Amino acid sequence: QVQLVESGGGLVQAGGSLRLSCAASGLTFSRYTMGWFGQAPGKEREFLAAIRWNDGSTYYADSVKGRFIIYRDNAKNTMYLQMNRLKPEDTAGYYCGAGRRFRLQREDDYDYWGQGTQVTVSS
């Protein structure tokens, strides 16, 4: 019933920008903390950013702080990741998750996941 669908990925040159979207359905979107994780080939899924359901407070991994911005539009049931000054090491599959737990930096903290969207940053 619950579905999360990522979009907006693609190929971009280093220093460029992309905006990813995560459209949610089948849940009360405004009551879920939402997060973005990245997964490079052969590596585990790692936390990038999250935004809480209650007050909209945001959290970022050190690797993206100052470059990425997470935000949400509850009226559209959509969460976004604005990615600026992209680097080749940002190349990964990007996944959005929805969860109800207070903790938000681990994969197990989220109940639902999308299928991901690929971001490739060329040098």
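The model shown is predicted, which means the values in this text are computed figures rather than measured ones.
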field: Point-to-point distance, once rounded to the nearest 0.5 Å, from CD of Gln105 to CZ of Phe37
entry: 8.0 Å
- request: Report the residues that fulfil salt bridge (charged side-chain N to carboxylate O under 4.0 Å, His left out) with Arg31, sequence neighbours left out, ordered by chain and then residue number.
  value: none
query: In terms of hydrophobic clusters joined by side-chain contacts under 4.5 Å, are Met83 and Ile70 together?
result: yes
field: Separation between CG of Leu104 and CZ of Phe47, rounded to the nearest 0.5 Å
entry: 5.5 Å
- prompt: Going by heavy atoms in the side chains, are Gln118 and Tyr94 under 4.5 Å from each other?
  reply: no
message: Could you check whether Arg45 makes a cation-pi contact with Tyr95, meaning its NZ or CZ is under 6.0 Å from the centre of the six-membered ring and within 45° of the ring axis?
response: yes
- request: Could you give me the CA-CA distance, side-chain angles and deciding distance for Met79 and Trp36, then say whether side chain to side chain contact (heavy atoms under 4.5 Å, CB included) is met?
  value: CA-CA 9 Å; Met79 182 263 292; Trp36 284 101; 2.5 Å; yes
task: Answer yes or no: are there more than 12 heavy-atom neighbours, outside Gln115 itself, under 6.0 Å from its atom CD?
output: no
query: Is there a donor-acceptor pair under 3.5 Å between the side chain of Arg72 and the backbone N or O of Asn77?
result: no
- prompt: What do the steps show when you test Leu86 against Phe68 for side chain to side chain contact (heavy atoms under 4.5 Å, CB included), and what is the final call?
  reply: CA-CA 9 Å; Leu86 283 161; Phe68 293 5; 3.8 Å; yes
statement: Between the CG atom in Leu48 and the CG atom in Leu81, the distance rounded to the nearest 0.5 Å is 7.0 Å
task: List the atom of Thr91, the atom of Pro88, and the distance in Å for their closest heavy-atom pair.
output: OG1-O, 2.9 Å
List, one per line, each side-chain donor-acceptor pair under 3.5 Å for residues 7-29, sequence neighbours excluded.
{"from": "Ser17", "atom 1": "OG", "to": "Asn84", "atom 2": "OD1", "distance (Å)": "3.0"}
{"from": "Arg19", "atom 1": "NH1", "to": "Tyr71", "atom 2": "OH", "distance (Å)": "3.3"}

query: Within 45° of the axis and under 6.0 Å from the centre of the six-membered ring of Tyr32, does NZ or CZ of Arg100 qualify?
result: yes
query: Is there a side-chain contact between Ile69 and Tyr60 (heavy atoms, below 4.5 Å)?
result: yes
message: Any salt bridge linking Arg101 with Asp111? Criterion: basic side-chain nitrogen under 4.0 Å from a carboxylate oxygen.
response: yes
- prompt: Are the side chain of Glu6 and the backbone of Cys96 linked by a donor-acceptor contact shorter than 3.5 Å?
  reply: yes
Tyr110 side chain near Met34 side chain, heavy-atom distance below 4.5 Å: no
query: Side chains of Asp73 and Tyr80: does their closest heavy-atom pair fall under 4.5 Å?
result: yes
- request: Not counting sequence neighbours, which residues clear side chain to side chain contact (heavy atoms under 4.5 Å, CB included) with Lys87? List them please.
  value: Arg67, Glu89, Asp90
